[in-house]
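The figures that follow rest on heavy atoms only: side chains count, while hydrogens, waters and symmetry mates do not.
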Amino acid sequence: QAQLVESGGGSVQPGGSLRLSCVSSGFPPDYYTIGWFRRAPGKEREGVSCIRLNDGDTFYADSVKGRFTVSRDNGNNTVYLQMNGLEPEDTAVYYCAAAMTRWVQPLCLGKRVVDIWGQGTQVTVSS
């Protein structure tokens, strides 16, 4: 059965860094895209960054561009989200999601259906 498992969340001070990991299993190998989404209390879910696994094409939300980097290790079925320069506004539950789509930006913008969601990992940025 296909599943996603996130890890790497935690609490950091403003300006700090965290790296989230998303390990997938049970998926067919070709042409799907992994997205990182977040939901902060009282806010709508936001697509943070998405990456197409076969060629590494990426998309970033404006709110994280230049601070976050998404990458993949297809050999280990893992997608990473390196988060630097964290701000209190980044506090949220972060979810990874998989979709059988080639469309990276539309996935992050909520215009493609997500097939599988991970369980989420909490990221808290505060002093």
Parallel, tilted or perpendicular, as decided by the 30° and 60° cut-offs, for the rings of Trp117 and Tyr95:
perpendicular
As an exercise, state the distance from CZ of Phe68 to CG of Asn84, rounded to the nearest 0.5 Å.
8.5 Å
Provide the closest heavy-atom pair for Gly85 versus Ser17 in the form atom of the first, atom of the second, distance.
N-OG, 4.4 Å
Identify all side-chain donor-acceptor contacts of residues 74-81 below 3.5 Å with residues at least two apart in sequence or on another chain.
| residue | atom | partner | partner atom | Å |
| --- | --- | --- | --- | --- |
| Asn74 | ND2 | Leu53 | O | 2.9 |
| Asn76 | ND2 | Asp73 | OD2 | 2.7 |
| Thr78 | OG1 | Asn76 | O | 2.8 |

Of all heavy-atom pairs linking Ala97 and Val114, the shortest is CB-CG1, 3.5 Å
All heavy atoms of Ser24 vs all of Tyr32, minimum pair found to be OG-OH, 3.8 Å
Taking Arg38 first and then Asp90, would you say they form a salt bridge - that is, a charged N and a carboxylate O separated by under 4.0 Å?
yes
Over all heavy atoms of both residues, which pair between Ala99 and Leu107 is shortest? Give the atoms and the distance, please.
CB-CD1, 3.7 Å
Around atom NZ of Lys65, are there more than 12 heavy atoms from other residues, nucleotides or ligands closer than 6.0 Å?
yes
Interatomic distance, CD1@Ile34 vs OG@Ser49, rounded to 0.5 Å, equals 11.5 Å
Rounded to the nearest 0.5 Å, how far apart are OH of Tyr94 and CG of Leu18?
9.0 Å
Between Thr58 (side chain) and Cys50 (backbone), is there a donor-acceptor pair under 3.5 Å?
no
N/O donor-acceptor pair under 3.5 Å between Thr91 side chain and Val125 backbone:
yes
Side-chain heavy atoms under 4.5 angstrom apart, residues restricted to Ile, Leu, Val, Met, Phe, Trp, Tyr: same cluster for Phe59 and Met100?
no
Distance (rounded to the nearest 0.5 Å) between Asp55 CG and Arg102 CZ:
6.5 Å
In terms of heavy-atom contacts, Leu20 and Met83 come closest through CG-CE, 3.7 Å
Hey, could you give me the CD/OG distance between Gln13 and Ser127, rounded to the nearest 0.5 Å?
7.0 Å
Please tell me whether Val70 and Leu109 are part of a single hydrophobic cluster in this structure, the criterion being side-chain heavy atoms less than 4.5 Å apart.
no
For Gln122 against Ala92, the heavy-atom pair lying closest together:
NE2-O, 3.4 Å
So, taking the atom named CZ in Arg52 and the one named CZ in Arg72, what distance separates them when rounded to the nearest 0.5 Å?
10.0 Å
Hey, does the side chain of Glu6 reach the backbone of Gln119 with a donor-acceptor pair shorter than 3.5 angstrom?
yes
So Pro88 and Pro14, do their side chains get closer than 4.5 Å, heavy atoms only?
yes
So, do Leu4 and Phe27 sit near enough that their side-chain heavy atoms are less than 4.5 Å apart?
yes
